[in-house]
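Structure record follows, encoded as structure tokens.
In what follows, chains are A, B, ... by sequence order, proteins preceding strands, each numbered from 1. The figures here come from the full heavy-atom set of this structure, side chains too, leaving out hydrogens, waters and symmetry mates.
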2 protein chains.
Amino acid sequence: MRRQSTAADGQRRATVTDVARRAGVSTATVSRVLNRNYPVAEATRERVESAMRELGYVVNAHARALAGVSNRTVGIIVNEVIDPFYAYIARGVEREAALGGRLCLVCCTQGDPQRELAFIDLMHERRADAVVVVGGSIADRGYTSELARRARELDAGGSKLVLCGRPPLGEAAPTAAVEYDNEGGAFAITDHLLMQGHERILYLGGPPKLSTTRDRLAGHRRALELRGIAIDPELSQPGAFSRNFGYRRMAELLRDGPEFTAVFAANDVVAAGAAQALEEAGLRVPKDISLVGYDDIPVAQELRPRLTTVHVPLEEMGRQAVRLAVSGGDEDDWREPTTGALRLGTHIVVRDSVAPRAGRASRM
Amino acid sequence: MRRQSTAADGQRRATVTDVARRAGVSTATVSRVLNRNYPVAEATRERVESAMRELGYVVNAHARALAGVSNRTVGIIVNEVIDPFYAYIARGVEREAALGGRLCLVCCTQGDPQRELAFIDLMHERRADAVVVVGGSIADRGYTSELARRARELDAGGSKLVLCGRPPLGEAAPTAAVEYDNEGGAFAITDHLLMQGHERILYLGGPPKLSTTRDRLAGHRRALELRGIAIDPELSQPGAFSRNFGYRRMAELLRDGPEFTAVFAANDVVAAGAAQALEEAGLRVPKDISLVGYDDIPVAQELRPRLTTVHVPLEEMGRQAVRLAVSGGDEDDWREPTTGALRLGTHIVVRDSVAPRAGRASRM
DNA sequence: ATGAAAGCGCTAACAG
DNA sequence: CTGTTAGCGCTTTCAT
């Protein structure tokens with residue numbers, strides 16, 4: 001049987017009604033002191049406030065949301081919270097959300113697109129003001145249309161799907177987007193290597209079909225072509241974004257791969273793995289082989305030599321993602337265009353892992 | 001004027017009522033197919049399901065929560081999501097929550113206890129099944145009682161406050177707790193240093209009043225005393241948990257501090273900073289000075305030499321925190337004791353940053 | 001197997 | 001300045 005609201009029930013939480021009764025006022029008045037959005041006599045307010053305190057009253061956010069107030073929540077969906085790339089973006093989202101008095105729902109997909117879709121649904125059910133999906137995606141027909149559908153559903157309800165660090169969904173999908181100049185960063189750091197005389201550069205890591213990898217590889221190749229350097233398919237070794245992949249594949253290639261004088265790791269984590277393999281093979285960075293990464297997460301400064309890499313404004317991306325999505329919360333009369341997009345810049349940060357190519361090939 | 005529920009309103013979201021009307025059934029039936037917890041005729045179910053699809057219906061979690069269903073949410077409050085110590089615990093919480101079909105609210109206090117209290121309130125308002133507060137705390141009278149009050153409020157509403165990696169609040173506060181053997185880990189690693197002949201060990205970093213620091217220092221001292229080594233206050237240099245602190249203080253002490261042959265950094269991050277200072281001072285680890293850390297986060301394996309440290313089962317702590325708090329969700333008749341506690345073990349992991357003390361003092 | 005209707009706790013007209 | 005009251009969208013008896 002459904003529990004009746006007998007006042008004698010110790011387990012039941014106090015409600016506005018209880019507070020109102022105790023303070024000898026109406027629920028409307030209680031609501032008013034709760035929201036401080038309407039004048040209430042000083043004496044009344046105090047009575048209500050002590051009633052709340054005595055009863056241990058805590059407002060019910062669900063009832064409030066149901067009654068028409070925004071529930072002040074933004075959702076963020078990442079691969080992995082312990083991966084600094086995602087963690088920094090998450091931090092930006094969380095901070096910006098907190099600034100607006102919002103709480104942050106966080107989910108990890110562990111790389112599973114299905115889980116991502118399911119999480120979007122869960123957040124939609126919770127009526128999040130915005131849901132931010134972070135990181136590269138693979139261009140799958142079915143998946144993309146599922147995502148687009150959710151973007152529409154969310155939009156229809158006044159929420160927003162924000163794409164953070166991934167390509168747009170196409171015209172039909174109302175989304176907001178924050179990107180970073182991924183291709184440009186890859187171009188710049190490749191050019192940096194080129195300027196030091198490296199012509200045989202190994203590109204290592206990153207899931208081959210992921211948009212992130214495609215963009216980085218594109219920038220890399222553009223730089224090569226611009227200098228008139230032929231592209232050797234053997235020097236393109238995508239795979240995964242893990243330290244382990246960097247380590248293993250590097251070791252293999254050192255044993256029986258093509259020659260190269262520099263390595264462009266798809267990200268800093270892969271670079272860390274590669275660095276270890278290089279170290280174990282007795283090769284010195286940068287004397288024997290130059291090494292660069294991407295993302296500029298803290299490990300880049302911890303490696304020895306410190307890693308030259310591409311800085312990505314991760315935290316700022318997170319902040320902008322929520323700003324883009326919830327900025328319209330205040331202005332009522334003028335609807336922003338449904339699709340806002342933003343592209344942040346990247347730049348290389350030169351540290352100690354690149355040196356001019358040695359006179360002779362470093363490997364043979 | 002309040003928007004009326006005219007069916008012609010394009011912006012309005014579909015509700016059970018809309019679905020019911022469209023499918024030619026009652027809202028009760030819609031609810032039944034939604035929850036699949038009650039028999040519904042196959043044909044009816046299909047009609048309802050297509051109605052939902054056609055309308056783009058998405059259940060409203062708030063309405064559902066209001067109507068008496070758990071909202072399946074757990075909250076976690078940490079200092080900083082980008083700090084691996086917290087990130088790993090958060091990952092455990094998230095994964096365990098996801099296993100139970102729950103979503104995770106995450107907040108960062110940036111070290112401010114006031115913010116922590118405020119976030120607990122926000123999560124309580126959201127009726128989170130559990131709220132996990134992570135990391136050491138400082139023993140402040142007022143703060144502790146505020147926390148205890150919230151523990152009681154939460155408990156009164158059937159939720160739970162979970163202390164993760166911090167000392168209990170005292171008898172009066174109904175909480176669950178997951179600790180790790182902090183003192184024991186510090187004891188063990190100090191003893192490890194002692195076994196290598198080190199007697200002058202610098203303890204570096206960690207906020208002096210934080211419970212975490214106190215416990216680590218206590219274990220450290222117990223090990224020293226057990227070997228009959230007098231405690232030199234000058235060798236105790238707490239301060240902060242940052243890389244920067246480790247770097248700076250280490251550099252200062254190298255310039256004009258006491259003599260020591262080993263450094264026990266309060267955590268791995270501090271150790272990374274100290275390692276850099278040592279490196280810049282031309283001292284070799286472990287030949288000249290031995291160095292150990294605490295936590296065993298990834299950076300420990302990235303440092304060169306790789307860092308000997310204390311492993312803390314971070315992710316497992318997170319998992320257990322939610323398990324402890326929401327396990328009682330199924331059994332109805334028997335209430336668990338309101339205060340569950342759990343203490344997980346720690347152990348040292350020996351890598352390359354410790355060597356036997358050199359014959360002569362390494363510094364002078 | 002299905003429907004009618006009573007809440008769940010709160011907010012916001014509207015009326016004093 | 002304060003009270004009355006009608007929902008918000010869903011679940012759940014209780015009937016049928």
Q) Between C:dT11 and A:N35, is there an OP1 or OP2 to side-chain N/O distance shorter than 4.0 Å? A) yes

Q. Bend angle of the helix from C:dA1-D:dT16 to C:dG16-D:dC1 from five-pair axes at both ends, rounded to 10°?
A. 30°

**Q.** Of residues 39-50 of chain B, the positions that come close to DNA chain C - non-hydrogen atoms, cut-off under 4.0 Å
**A.** B:P39, B:V40, B:A41, B:T44

Q: Take the protein atom CZ of A:R21 and the nucleotide atom C1' of D:dG3, then report the distance between them rounded to whole Å.
A: 16 Å

Q: Could you list the residues that satisfy side-chain hydrogen bond (donor to acceptor under 3.5 Å, both in side chains) with A:E46, not counting sequence neighbours?
A: none

Q | Between C1' of D:dT11 and NE2 of B:H62, the distance in whole Å | A | 17 Å

Q) For the side chain of B:N35 and the backbone of B:S31, is there at least one donor-acceptor N/O pair under 3.5 Å apart? A) yes

Q: Would you jot down, in residue-number order, the residues of residues 26-34 of chain A having a non-hydrogen atom under 4.0 Å from DNA chain D?
A: A:S26, A:T27, A:A28, A:T29, A:R32

Q.
Quick test of your reading: applying salt bridge (Lys or Arg N to Asp or Glu O under 4.0 Å), list the pairs with at least one residue in residues 29-42 of chain B, sequence neighbours left out, ordered by first then second residue.
A. B:R36-B:E49

Q. How long is the line joining CZ of B:R36 and C1' of C:dA1, in whole Å?
A. 17 Å

Q.
Any heavy-atom pair between the side chains of A:V326 and A:E96 that's under 4.5 Å?
A. no

Q) Once you round it to whole Å, what is the distance between P of D:dC10 and CG of A:N60? A) 16 Å

Q.
Going by ring pair (Phe, Tyr, Trp, His ring centres under 6.0 Å), name the pairs with one or both residues in residues 50-69 of chain B, residues two or more places apart or in two chains.
A. A:H62-B:H62

Q. Under the side chain to side chain contact (heavy atoms under 4.5 Å, CB included) test, which residues partner A:L55, sequence neighbours left out?
A. A:A14, A:D18, A:V19, A:R22

Q) Taking only residues two or more places apart in sequence, or in another chain, which ones meet B:S137 in a side-chain hydrogen bond (donor to acceptor under 3.5 Å, both in side chains)? A) none

Q. In whole angstroms, how far is the P atom of D:dG9 from the CG atom of A:N71?
A. 14 Å

(Q) I need the CG-P distance between A:L66 and D:dA6, as an integer number of Å. (A) 17 Å

Q: With sequence neighbours left out, write down each residue that passes side-chain hydrogen bond (donor to acceptor under 3.5 Å, both in side chains) with A:R47, or none if nothing qualifies.
A: none

Q) What is the distance from CZ of B:R126 to P of C:dC8, rounded to the nearest Å? A) 23 Å

**Q.** Listed partners of B:T73 passing side-chain hydrogen bond (donor to acceptor under 3.5 Å, both in side chains), at least two apart
**A.** A:R126, B:N71

Q) Between B:T17 and A:G24, who's closer to the 5' end of DNA chain D by nearest nucleotide? A) A:G24

Q: Evaluate the side-chain contact (heavy atoms from CB on, under 4.5 Å) criterion for residues B:V131 and B:I77: first the C-alpha distance (whole Å), next the side-chain angles of each, then the deciding distance (0.1 Å), finally the verdict.
A: CA-CA 8 Å; B:V131 6; B:I77 302 178; 4.1 Å; yes

(Q) Both B:V25 and B:R127 contact DNA chain C. Taking the nearest nucleotide for each, which residue is further toward the 5' end? (A) B:V25

Q. Does a nitrogen or oxygen in the side chain of B:Y57 sit under 4.0 Å from OP1 or OP2 of D:dC10?
A. yes

Q) Which residue pairs pass the side chain to side chain donor-acceptor pair (under 3.5 Å) test with at least one member in residues 100-124 of chain A, sequence neighbours excluded? A) A:N79-A:T109, A:R102-A:D129, A:Q110-B:R95, A:E116-A:Y143, A:E116-A:R166, A:D121-A:R150, A:H124-B:R13

Q) Want to settle it: does B:V59 or B:Y38 sit nearer the 5' end of DNA chain D, counting the closest nucleotide to each? A) B:V59

**Q.** By side chain to side chain contact (heavy atoms under 4.5 Å, CB included) - contacts of B:C104 (at least two apart)
**A.** B:V74, B:I76, B:V93, B:E94

(Q) Heavy atoms from C-beta onward define the side chain here; which of D:dG7, D:dT12, D:dC10 lies closest to that of B:N37? (A) D:dT12

